[in-house]
Number of protein chains: 2
Amino acid sequence: MSPENSYSLIVIDDHPLFRKGVADLISMDSELILIGEAASGVEGIALATELNPDLILLDLNMKGMDGIETLKKLKESNIDSRVIMLTVSDDEDDVVTALRSGADGYLLKDMEPEDTLKCLHQASQGRIVLCEKLTELLAYALREEAAHPADLDQASLTDREEEILELISQGLSNKVIARELDITEGTVKVHVKHILKKLNLRSRVEAAIWAVKEGDRRHHH
Amino acid sequence: MSPENSYSLIVIDDHPLFRKGVADLISMDSELILIGEAASGVEGIALATELNPDLILLDLNMKGMDGIETLKKLKESNIDSRVIMLTVSDDEDDVVTALRSGADGYLLKDMEPEDTLKCLHQASQGRIVLCEKLTELLAYALREEAAHPADLDQASLTDREEEILELISQGLSNKVIARELDITEGTVKVHVKHILKKLNLRSRVEAAIWAVKEGDRRHHH
DNA sequence: TACCAACTACCACCAAGGAGGTAGCGGTGA
DNA sequence: TCACCGCTACCTCCTTGGTGGTAGTTGGTA
């Protein structure tokens with residue numbers, strides 16, 4: 001940790017020039033103190049363990065161990081530093097992956113210096129920071145997911161068949177389905193046979209998987 | 001549409017007092033022009049169709065047709081207004097639902113007036129706006145999803161078992177799995193048996209379903 | 001060393017699933 | 001009326017799946 005209300009940080013990035021840039025930026029802020037630099041993931045983890053800084057600025061695209069992997073390793077270790085991804089990539093998947101892996105922030109290298117500093121302050125106070133550009137991107141991402149619905153519309157299964165497919169997708173056996181619908185097991189088998197034929201599947205397992213994924217896609221779970 | 005670089009908007013909210021507040025706020029900004037008010041979803045849709053404003057401020061919690069439903073209807077119609085949800089609820093689900101339903105922004109009623117105006121400007125320029133508080137909330141939400149894995153952590157399946165479960169969840173039969181892994185079918189059956197026992201499931205169908213849903217929960221979609 | 005867990009293999013046995021066929025019944029539409 | 005479709009039922013034949021048990025190998029750990 002660090003004294004009073006100043007925050008220590010280290011930067012992990014394999015570009016010396018970029019580290020230099022960060023150092024300059026940090027030096028402009030009296031509350032942030034750069035206490036170390038690392039040029040790779042491995043080196044960075046060692047350094048973080050040794051210094052236990054308040055913040056870690058981590059580059060996403062590094063040679064060797066990449067940023068995500070480094071992030072995971074850092075989160076698995078005992079240090080309680082907050083990790084901010086700092087990178088050029090505004091790829092949606094990268095952002096999502098980073099956040100899911102426990103990143104405490106995601107900033108872009110092309111942000112205005114003062115914005116970056118502002119975000120670092122917020123981050124050190126425990127907030128998750130995302131640069132504005134990415135907020136928007138996340139919002140779009142959520143929309144995309146919802147855009148899927150109208151598919152091949154059940155390939156014309158009859159009501160009964162849909163009903164049975166639903167039960168299959170709950171893991172029920174033919175016998176149980178028969179009891180459930182109050183028909184014989186033989187009849188259930190006939191329906192299953194038709195379902196498989198219509199959907200061009202090879203077993204009830206495939207049918208179940210298909211139904212689950214399908215159901216998931218329409219009712220955004 | 002509206003002249004030069006000023007933007008027309010309407011507000012849909014069942015609280016007169018709140019509409020008054022919005023009107024006052026809007027009047028402080030020379031580029032924003034309030035051209036209509038509606039006290040319900042139905043009324044709002046009619047008004048929007050008639051006036052085709054640049055922006056629509058929509059309350060989430062309304063009596064009768066609620067905000068989400070109104071939002072959907074608006075998006076289904078031909079108007080190309082951008083819809084900004086404006087509400088007191090900072091509930092995560094609400095935000096996500098709204099965005100998935102096509103909202104172009106989500107602002108909180110307790111924001112600072114100047115921030116609100118700033119966001120409205122950004123929105124009228126085609127950006128999706130979220131108030132800061134919510135950005136953070138979304139980030140946390142993404143994390144939550146990822147936080148699940150530690151679940152029952154696969155109930156201690158061995159590597160081989162996980163591997164086989166994965167293949168089952170692709171719909172493969174024991175025979176095919178055997179070929180795939182270059183072991184005998186009998187051995188595959190043994191593994192399947194163990195998987196079922198460990199996960200307390202009754203058939204490969206249930207296993208497949210479980211695996212699919214589980215996989216869905218961890219790897220976004 | 002002895003022990004344990006994971007992986008492999010083989011066996012027998014029975015339950016479940018799927019393919020093929022035939023057939024009766026009720027409703028709908030030409 | 002006849003033809004068609006969806007739903008039901010029953011049949012045979014064969015494959016697949018799941019349970020029980022025994023047992024050999026490897027690698028790591030007490």
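In what follows, chains are A, B, ... by sequence order, proteins preceding strands, each numbered from 1.
- Between B/Lys198 atom NZ and C/dC7 atom C1' there is a gap of 11 Å when expressed in whole angstrom units.
- When the P atom of D/dC5 is taken as reference, atom CG of A/Asp159 falls 16 Å away, rounded to whole Å.
- Distances were taken from every side-chain heavy atom of A/Val190 (C-beta onward) to each of C/dA9, C/dG21, D/dG17; the shortest belongs to C/dG21.
- Within the structure, salt bridge (Lys or Arg N to Asp or Glu O under 4.0 Å) contacts touching residues 163-185 of chain B (residues at least two apart or in different chains) are B/Arg160-B/Glu163.
- Taken residue by residue, residues 167-187 of chain A places heavy atoms nearer than 4.0 Å to DNA chain C at A/Ser173, A/Asn174, A/Lys175.
- Put simply, the side chain of B/Glu37 does not reach to within 4.5 Å of the side chain of B/Ile12, judged on heavy atoms.
- Put simply, CD on A/Glu206 is 14 Å from C1' on C/dG17, counting in whole angstrom units.
- Residue B/Ser203 has its side chain nearest to D/dG18 when only C/dC7, D/dG18, D/dC7 are considered.
- Protein atom CD1 of B/Ile164 is 12 Å distant from nucleotide atom C1' of C/dA6, rounded to whole Å.
- The separation between B/His194 atom NE2 and D/dG17 atom P is 17 Å, rounded to whole Å.
- One atom, CD of B/Glu161, and another, P of C/dA6, lie 7 Å apart when rounded to the nearest Å.
- A side-chain N or O of B/Asn61 and one of B/Thr87 form a donor-acceptor pair less than 3.5 Å apart.
- Taking only distance into account, the side chain of A/Lys193 meets the base of C/dG20 through a donor-acceptor pair shorter than 3.5 Å.
- Close to D/dT8, at under 4.0 Å from its OP1 or OP2, lies a side-chain N or O of A/His191.
- For A/Ile10 against A/Gly44, the heavy-atom pair with the smallest separation is CD1-O, 4.2 Å.
- Looking at heavy atoms from C-beta onward, B/Ile164 lies in side-chain contact with B/Ile168 at the 4.5 angstrom threshold.
- As rounded to whole Å, 11 Å separates atom P of D/dT19 from atom NZ of B/Lys189.
- Among all heavy-atom pairs drawn from A/Ala211 and A/Ser169, the shortest one is CB-CB, 3.5 Å.
- Atom CE of A/Met85 is separated from atom CD1 of A/Ile68 by 5.0 Å, given to the nearest 0.5 angstrom.
- Taking only side-chain nitrogens and oxygens, B/Arg160 never comes nearer than 4.0 Å to OP1 or OP2 of C/dA6.
- Protein atom CZ of B/Arg204 is 10 Å distant from nucleotide atom C1' of D/dG18, rounded to whole Å.
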